[in-house]
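Comments concern the structure below.
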Amino acid sequence: MEPAIRVEHLQVKRGGRTVVADVSFTVPSGSLVGLLGPSGCGKTTLMRSLVGTQIVAGGSVELFGQPAGSPALRSQVGYVTQAPSVYADLTVSENLRYFATVLAVPPTAADRVINDVGLGRHTDTVVGRLSGGEQARVSLATALLGSPRLLVLDEPTVGLDPLLRRDLWVLFAALASSGTTLIVSSHVMEEAERCQRLLLMRDGQILADDSPEALLARTGSTDFESAFIALIENPST
Amino acid sequence: MTLRRTVATTRRVLRQLRHDLRTVALILAVPAVLMGLLAWILHGRAGDFNQFGPPLLGIFPLIVMFLVTSVATLRERTSGTLERLLTTPLAKADFVMGYALAFGLSAVVQALVVSGLSFSLYGLHVSGSAWLVVVVAVMDALLGTALGLSLSALASTEFQAVQFMPAFILPQLLVCGIIVPRSQLPPTLHWLSDVLPMSYAVDATQQLSASAAVTSEFLLDIGVVAMFVVAALLIGAATLRRRTH
């Protein structure tokens with residue numbers, strides 16, 4: 001079966017500085033992948049390269065066998081940026097109905113995704129009056145419209161309370177088991193255990209590409225923070 | 001480009017305006033109040049009001065719509081909504097036309113309010129059809145919208161965007177023929193005024209002031225303004241980039 005993501009020797013430069021250096025990996029369909037690393041390590045740039053909004057210096061990125069950013073992929077990939085990219089001066093429902101029309105999905109899908117992210121009580125609230133975490137969930141709901149085959153989520157759980165964070169990871173796992181591929185970034189190492197597979201990133205490079213269990217076993221660590229440190233200090237493990 | 005996505009974008013922009021009634025009030029009131037002020041300044045000098053009134057009837061909405069559109073478009077660029085929209089099947093033309101239609105509709109209402117007040121309460125008079133003055137005012141407002149859409153690509157902050165008004169609109173105001181007839185300008189400035197859209201917008205209203213019949217010059221002026229609108233919208237669409245650094 002065609003992998004959901006195939007990245008080969010990806011290189012991104014910004015202002016003369018290398019932000020992503022020769023990164024290669026593949027992600028099979030229907031998996032929940034965590035992209036972890038400290039802020040500034042190139043996670044966002046890598047994700048922008050996946051959705052095709054980033055000008056790249058070299059290498060190739062293919063999603064479902066097609067070059068990233070090609071028109072056929074636009075209705076199959078949902079992307080959530082780190083800062084909520086929704087209209088602060090519209091209500092939750094007005095935002096989702098607009099994006100539903102743009103994606104050519106029925107308006108009922110808007111109500112479904114509002115409930116999926118737990119914002120049913122706030123349907124008619126203007127987004128600008130919601131808390132930061134709630135605004136992030138409106139942005140996430142927008143990406144869930146139209147049941148995309150791949151979801152690229154940049155730090156979707158930052159600043160959320162632990163219960164909501166757990167609920168969202170349950171939602172992500174449910175989406176993955178129904179066949180959606182998800183790549184979720186975070187700088188919080190504990191979130192690693194929620195994923196089926198981990199890509200650990202540092203200084204524009206992938207340090208490890210493994211399952212959470214295998215990573216802990218390989219580094220002889222009991223938590224992901226120390227596993228990450230072990231990998232940096234001893235890259236050959 | 002699809003009709004459904006364009007109309008959805010128009011409706012979304014209008015909904016945003018509906019949540020911001022103070023902006024709506026400003027769009028409608030500012031040109032009307034400015035025209036009232038002009039009528040008051042030129043009280044008892046009907047000839048002067050009838051000379052300066054018609055061109056300014058179009059220029060005030062142009063300035064208002066230019067500012068509103070450049071800030072609205074810049075907000076889309078900086079808030080990330082534009083980047084997100086460009087990862088969806090939305091065509092660049094859907095985005096640009098959506099905005100043009102939404103602000104175009106606002107411009108129609110704005111032009112009706114300012115013209116209605118000018119021709120009744122303020123006592124403005126033109127030899128030609130008052131309705132054609134309304135048409136020119138709408139075209140001017142559309143020109144403001146189209147210029148705002150394309151020029152906002154050059155701005156990366158709101159501070160820069162608002163300064164495009166004095167930078168791109170005020171020079172046109174100086175050479176468009178209101179202060180000194182264009183035929184009396186130094187040759188270089190005359191040539192400059194020939195390539196700027198506001199000159200044609202002003203000339204169109206001057207035709208309506210002077211002649212009861214629709215002159216071929218008026219039609220030419222309106223045609224040129226329309227071409228500038230289309231060109232600015234095309235440039236606006238071309239400045240949208242799906243891929244950035």
Side-chain angles (χ1 to χ4, degrees), chain A residues 12-17 19 45 47-57 68-91 93-105 107 126-129 135 139 142-143 145-146 148 152 154, chain B residues 1-24 26-27 68-69 71-99 101-103 106 156 158 239-245:
Chain A
V12 181
K13 288 188 176 144
R14 200 182 287 140
R17 202 170 66 92
V19 189
T45 306
M47 292 189 134
R48 280 170 42 87
S49 310
L50 293 180
V51 294
T53 58
Q54 178 69 50
I55 295 175
V56 304
S70 50
L73 288 172
R74 281 179 201 144
S75 53
Q76 299 181 42
V77 180
Y79 173 42
V80 180
T81 51
Q82 211 168 334
S85 48
V86 284
Y87 298 99
D89 48 0
L90 291 181
T91 67
S93 141
E94 285 170 338
N95 262 293
L96 285 152
R97 273 163 207 274
Y98 172 55
F99 283 103
T101 314
V102 167
L103 293 163
V105 299
V126 173
V127 169
R129 293 206 198 102
Q135 294 189 11
S139 198
T142 309
L145 284 168
V152 179
D154 199 354
Chain B
M1 184 179 163
T2 61
L3 187 62
R4 195 170 53 167
R5 291 190 175 108
T6 304
V7 171
T9 304
T10 300
R11 291 178 54 164
R12 187 262 295 170
V13 175
L14 290 175
R15 280 208 182 94
Q16 285 179 289
L17 280 179
R18 211 180 58 194
H19 283 289
D20 185 4
L21 291 177
R22 203 177 297 172
T23 294
V24 175
L26 286 169
I27 289 176
V68 169
T69 315
V71 171
T73 322
L74 189 74
R75 262 172 38 181
E76 291 253 16
R77 289 179 199 270
T78 51
S79 70
T81 45
L82 180 63
E83 180 176 82
R84 162 171 264 169
L85 281 174
L86 292 178
T87 64
T88 70
L90 188 87
K92 294 173 188 175
D94 289 324
F95 180 84
V96 167
M97 282 310 290
Y99 262 98
L101 283 176
F103 286 137
S106 318
S156 47
E158 264 105 345
T239 61
L240 303 178
R241 292 270 176 270
R242 287 191 197 268
R243 256 179 221 276
T244 52
H245 274 290

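Here is how names work: the chains are called A, B, and so on, in the same order as the sequence lines, proteins then strands, and each is numbered from 1. Since the model is a prediction, treat every value here as computed from it, not as a measurement.
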- request: For chain B, find which of Lys13(A), Gln76(A), Arg48(A), Arg14(A) contributes the most heavy-atom pairs closer than 4.5 angstrom.
  value: Arg48(A)
task: To the nearest 0.5 angstrom, please state how far the CG atom of Leu90(B) sits from the CZ atom of Phe99(A).
output: 9.0 Å
message: Minimum heavy-atom separation for Ser75(A) and Pro89(B), please, with both atom names.
response: CB-CG, 3.9 Å
field: Residue pair Tyr98(A) / Leu85(B), side-chain heavy-atom distance below 4.5 Å
entry: yes
query: For Val80(A), is it the side chain, the backbone, both, or neither that has a heavy atom closer than 4.5 Å to a heavy atom of chain B?
result: both
query: Got Ile55(A) and Arg241(B) here, is their nearest side-chain heavy-atom distance under 4.5 Å?
result: no
task: Measure distances from Pro84(A) to the heavy atoms of chain B and classify the residue's part below 4.5 Å as side chain, backbone, both or neither.
output: backbone
statement: Nearest heavy-atom contact between Ala68(A) and Arg243(B) is O-NH2, 2.9 Å
- prompt: Within the side chain of Arg84(B), is there an N or O that forms a donor-acceptor pair under 3.5 Å with the backbone of Tyr79(A)?
  reply: yes
task: Answer with side chain, backbone, both or neither: which region of Thr2(B) has an atom nearer than 4.5 Å to a non-hydrogen atom of chain A?
output: neither
- request: With a 4.5 angstrom heavy-atom cut-off, could you sort out which part of Ala143(A) is near chain B: side chain, backbone, both or neither?
  value: both
- prompt: Rounded to the nearest 0.5 Å, how far does CD of Gln54(A) lie from OG1 of Thr244(B)?
  reply: 6.5 Å
- request: Show your reasoning for whether side chain to side chain contact (heavy atoms under 4.5 Å, CB included) applies to Thr53(A) and Arg242(B).
  value: CA-CA 6 Å; Thr53(A) 58; Arg242(B) 287 191 197 268; over 6 Å; no
message: Which one wins on heavy-atom pair count under 4.5 Å against chain B: Gly15(A), Gly78(A), Ser139(A)?
response: Ser139(A)
field: Proximity breakdown for Leu86(B) and chain A, heavy-atom pairs closer than 4.5 Å
entry: backbone
- line: Applying a strict 4.5 Å limit to non-hydrogen atoms, the region of Thr45(A) in contact with chain B is neither
message: I need the minimum non-hydrogen distance between Arg5(B) and Leu103(A), along with the two atoms involved.
response: NH2-C, 4.3 Å
- prompt: Is the shortest side-chain N to carboxylate O distance from Glu94(A) to Arg11(B) below 4.0 Å?
  reply: no
- request: State, with a plain yes or no, whether a side-chain heavy atom of Thr88(B) is found less than 4.5 Å away from one of Arg74(A).
  value: no
message: Between Arg18(B) and Asp89(A), does any NZ, NE, NH1 or NH2 come within less than 4.0 Å of an OD or OE carboxylate oxygen?
response: no
task: Measure distances from Ala104(A) to the heavy atoms of chain B and classify the residue's part below 4.5 Å as side chain, backbone, both or neither.
output: both
task: Enter the distance from Thr81(B):OG1 to Asn95(A):CG here, rounded to the nearest 0.5 Å.
output: 9.0 Å
- prompt: Judged by modelled atom types alone, do Tyr87(A) and Arg12(B) share a side-chain donor-acceptor pair under 3.5 Å?
  reply: yes
